[in-house]
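Notes to accompany the following structure.
Residue numbers run from 1 in the order of the sequence given.
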Amino acid sequence: MSDLRRAALAAAETTADHLAAVPAGPVWRPVGDDDRAWLTGQQLPAAGRPLDDLLTDVRERVLPYPMGNGHPRFFGWVNSPPSPAGVLVAPLAAALNPSCAGGDHAGALLERTAVRWLAELVGFPHPPGAGLLTSGASLATVVAMATARQHALRRAGHDVRETGLYGHEPLAVYVSAEGHSCLRKAAELLGLGNRHVRTVPVGPDHRMDTAALRRLVLADAASGVRPFLVAASAGTVNTGAVDPLDDIADAAREHGLWFHVDGAYGALGVLADGARPRYAGMERADSLALDPHKWLGVPVDAGCVLFRDAAGPRDAFSLVPPYLRDEGADALGWFSEYGPEQTRPFRALRVWATLSHLGRDGVVRLVRHTTGLARTLAAMVEDADDFEPLAPPVTSVVAFRYLPAGTADADALNDALPAAVQRRGRAFLTGTRLGGRPVLRACVLHPDTTEADLGVLLDEIRAAAKETAA
C-alpha cells in the first residue's frame, strides 16, 4: 500500500471520528500553552516528514482546538457546521487541483450549475454567465461594487479602468446603519473613500429608513457628489432584519443608483415559512451577494455574487492576455473575466455536492428548522423574567439582553457574558451592540440543534453571570 493511500485512509477515519465526537465534547476550549507554542512557533523542518507523522500532529495538536462551529450549541457569529457532502468531496477537489479561471474541464463547467442552483433557490433572475463563486461575500461585494463603479462612470462618459478615479466627482455609497463592514471595506479598497460612504439610519425595526435614503441622495446630488450605489441587507448579522427591498429598489430606480443586496447570510431566509413577502424586491437587485458557506454549511471558502446582466462584471474585469486566449471558449468566456481572481480554486464541487445531498427540499427543511428554533428561543427569552428581547426574529438570529434582578450595571454584565459563556465550554454565543448598548446575540444554523440546546444556552448564560459576579 502506498504512503498516500495508507495515510488517506487514516485521515478519513480521523475525520469521521472527529465529527462523531463533536456533540459530546466541549463547544470550545482554550488552546493549551504547549500546543499554542507549537502552533505558532515551530520551525520549518530541514528534512521532509512522513505523512503519518503529519496526521498525528493534526490529530493531537489541531483537532482538539476547534472554533466550535461544528457543535449543535454553537450560536456565535454566522458560522455553520461543515456539510457532510462538502467534507466528503473536499479531498477530491484537492486531488484534481484545477484552476477554475476557465477552460473546458469539469471544475469550470460545474460552477455554471452550482451558481444557477443558488440563483434558483433565492429566486434571483440569472442569465447565463451572470454569476460566479468567490471566497466569500467580502470578495463578492468588491466584485459587485467595482462593477457598479464602472457602470456609473461609463454613463458619465469615463472608463475608470483607463483613468482611475482621477478628475472625477466623488461617488457616494449608501449603506444601512446595520450594514455589514464588508461594504465599507469594499468602498475603501476601490478608492471611493470612507468619507463618501453614507450611513442611512434605521427605524425601530432595524431596517433601512428609505425616506432618509432619499434625503441623503438628493443632498449629495445637489452638492456635486454623484450618488451611484445603495446596498440593502437581506438579513443583517446583528438581528437578521431584512431591509424594505422593494422600496429601496424604487428609490434606486428613481435616482439612477445601482441596487446591491447583501444576502450573504440571510438571502436563503426567503425559504422560511411565510417569509417571501419580506424579501419582495430582492429579485430587482442589480447584484446580490450570498454565502453558501453560511446557512448551507458548504466548507469555507464558498461565496457567490449574482448579477442581473453578465455584461456589467465582464466590462469591469475582462482582461485576456495572449497566453490565456482560448479560441475554443464559448461566448461567455472564462470566469476570470468576471472578477479579480485569475487562479480560482474548485469551489463548485463542495457547493454542488452540498446542494445535491440536501436537495431543494432539504435546504427548505434546514432553513425552516433553524428559523423555527430562533422563534422558539425568542419566546423563551420573552417568557423569562431575567431576559429582555430586543427584536423579533426575522431569520435565525435572536438578539437579547440578560437582566437579572438587582443588576447594578447591565451593560458591563452583557459585555462580559459572551467570553464567560465561551470559557465554560457547554455553549457558545457572541455579543454585539444595538443602539449603542452591548447585547447578546445567538445565531442558529446547525441542523442538529434542538430546543433542549436552547435551554442549555440560557442556563449557561445564567451560570456564567454568577461566575462573573463572584
Do Thr236 and Glu178 get their side chains close enough for a donor-acceptor pair, meaning under 3.5 Å?
no
Judged by atom type as modelled, is there a donor-acceptor pair below 3.5 Å linking the side chain of Arg401 to the main-chain atoms of Pro438?
yes
With a 3.5 Å distance limit and no angle check, can you tell me whether Thr370 reaches the backbone of Val367 through a side-chain donor-acceptor pair?
yes
Assess whether side-chain contact (heavy atoms from CB on, under 4.5 Å) is satisfied between Leu216 and Val200, documenting all intermediate values.
CA-CA 8 Å; Leu216 288 169; Val200 184; 3.9 Å; yes
Can you measure from OG1 (Thr371) to CG (Leu271) and round to the nearest 0.5 angstrom?
9.5 Å
Thr239 and His206: side chain to side chain donor-acceptor pair (under 3.5 Å), yes or no, with the steps?
CA-CA 8 Å; Thr239 65; His206 308 290; 5.2 Å; no
Relative to the ring of His168, is the ring of His158 parallel (under 30°), tilted (30 to 60°) or perpendicular (over 60°)?
tilted
Let me see the working for Leu417 and Leu440 under side-chain contact (heavy atoms from CB on, under 4.5 Å), right down to the final yes or no.
CA-CA 8 Å; Leu417 275 173; Leu440 306 177; 4.0 Å; yes
Please name the pair of heavy atoms, one in Ser233 and one in Leu245, separated by the smallest distance, quoted to 0.1 Å.
O-CD2, 4.0 Å
Do you know the tightest heavy-atom contact between Ala140 and Cys304?
CB-O, 3.7 Å
Main-chain N/O of Val444 paired to Ser396 side chain as donor or acceptor, under 3.5 Å:
yes
Tyr338 and Leu332, any side-chain heavy atoms less than 4.5 Å apart:
yes
Considering only NZ, NE, NH1 and NH2 on the basic side and carboxylate oxygens on the acidic side, decide whether Glu460 and Arg73 come within less than 4.0 Å.
no
Salt bridge between Asp220 and Arg226, side-chain N to carboxylate O under 4.0 Å?
no
Short side-chain to backbone donor-acceptor contact, Arg161 and Gln150, under 3.5 Å
no
Kindly determine whether Phe228 and Trp258 satisfy ring pair (Phe, Tyr, Trp, His ring centres under 6.0 Å), including the steps that lead there.
CA-CA 6 Å; Phe228 93 104; Trp258 183 278; 8.7 Å; no
Output for pair (Asp250 CG, Phe259 CZ), nearest 0.5 Å, gives 9.5 Å
Tell me whether Asn414 contacts the main-chain N or O of Ala410 through its side chain, where contact means a donor paired with an acceptor under 3.5 Å.
yes
Within the supplied structure, the quantity of interest is the number of heavy atoms (other residues, nucleotides, ligands) at a distance under 6.0 Å from Asp409 CG; does it exceed 12?
yes
Is there a donor-acceptor pair closer than 3.5 Å between any side-chain N or O of Asp301 and the backbone N or O of Gly136?
no
Find the distance between CG (Asp209) and CZ (Arg214) and round it off to the nearest 0.5 Å.
10.0 Å
For Lys294, is there any backbone N or O sitting under 3.5 Å from a side-chain donor or acceptor partner on Asp291?
no
Just wondering, do Leu96 and Leu349 contact through their side chains at under 4.5 Å, heavy atoms?
no
Can you name the nearest heavy-atom pair linking Pro389 to Glu382, along with the distance?
CG-OE1, 3.2 Å
Working to the nearest 0.5 Å, report the span between CD of Gln342 and SG of Cys100.
12.0 Å
Check for a donor-acceptor pair, side chain of Glu467 on one end and backbone N or O of Ala465 on the other, with a separation under 3.5 Å.
no
Given side chains that start at C-beta, do those of Arg350 and Val89 come closer than 4.5 Å, heavy atoms only?
yes
Candidate pair Glu111 and Arg116, rule salt bridge (charged side-chain N to carboxylate O under 4.0 Å, His left out), full reasoning
CA-CA 8 Å; Glu111 187 162 341; Arg116 175 169 50 82; over 6 Å; no
Between Arg284 and Asp246, is the salt bridge (charged side-chain N to carboxylate O under 4.0 Å, His left out) condition met? List the steps.
CA-CA 8 Å; Arg284 298 172 63 189; Asp246 239 355; 2.8 Å; yes
Can we say Glu188 and Arg184 salt-bridge, meaning some charged N sits less than 4.0 Å from an Asp/Glu carboxylate O?
no
Would you call the rings of Phe428 and Trp77 parallel, tilted or perpendicular if under 30° counts as parallel and over 60° as perpendicular?
tilted
Is there a side-chain contact between Leu171 and Leu153 in this structure, where contact means two heavy atoms from C-beta onward sitting under 4.5 Å apart?
yes
Does Arg155 have more than 12 heavy atoms from other residues, nucleotides or ligands lying within 6.0 Å of its CZ?
yes
Determine whether more than 12 heavy atoms belonging to other residues, nucleotides or ligands lie under 6.0 Å from atom CZ of Arg368.
yes
Heavy-atom side-chain contact between Thr134 and Arg344 under 4.5 Å:
no
Determine whether Arg433 and Asn238 make a side-chain contact, defined as any pair of heavy atoms from C-beta on separated by less than 4.5 Å.
no
Fit a plane to each ring of Phe387 and Phe400, take the angle between them on a 0 to 90° scale, and name the class: parallel (under 30°), tilted (30 to 60°) or perpendicular (over 60°).
perpendicular
Does some side-chain heavy atom of Pro313 sit less than 4.5 Å from a side-chain heavy atom of Phe307?
yes
Arg112 NZ/CZ over Phe335 ring centroid, <6.0 Å and within 45° of normal:
yes
Taking every non-hydrogen atom, the tightest pair across Asn69 and Ser80:
ND2-O, 2.9 Å
No-hydrogen, no-angle side-chain donor-acceptor test under 3.5 Å, Thr395 and Tyr265
yes
Going through the checks in order, is the side-chain contact (heavy atoms from CB on, under 4.5 Å) test met by Asp262 and Thr141?
CA-CA 8 Å; Asp262 176 7; Thr141 301; 5.6 Å; no
Would Leu110 and Phe346 satisfy side-chain contact (heavy atoms from CB on, under 4.5 Å), going step by step from the backbone distance to the final call?
CA-CA 9 Å; Leu110 192 61; Phe346 191 6; 4.3 Å; yes
Min side-chain heavy-atom separation Asn79-His293 under 4.5 Å:
no
Rounded to the nearest 0.5 Å, how far does CH2 of Trp334 lie from CG of Leu132?
15.0 Å
Just by distance, do the side chain of Ser83 and the backbone of Gly86 share a donor-acceptor pair under 3.5 Å?
yes
Assess whether a salt bridge exists between Arg207 and Asp243, defined as any Lys/Arg side-chain N lying under 4.0 Å from an Asp/Glu carboxylate O.
no
Is the closest basic N to carboxylate O distance between Asp159 and Arg154 below 4.0 Å?
yes
Would the distance check show the side chain of His255 and the main-chain N or O of Leu218 forming a donor-acceptor pair, the cut-off being under 3.5 Å?
no
For Ala130 against His126, the heavy-atom pair lying closest together:
O-CD2, 3.6 Å
What's the separation between atom CG in Leu366 and atom CG in Leu445, rounded to the nearest 0.5 Å?
8.0 Å
Can you confirm whether more than 12 heavy atoms, excluding those of Glu162, are under 6.0 Å from its CD atom?
no
Measure across Pro393 and Val398 and return the closest heavy-atom pair with its distance rounded to 0.1 Å.
CB-CG2, 4.4 Å
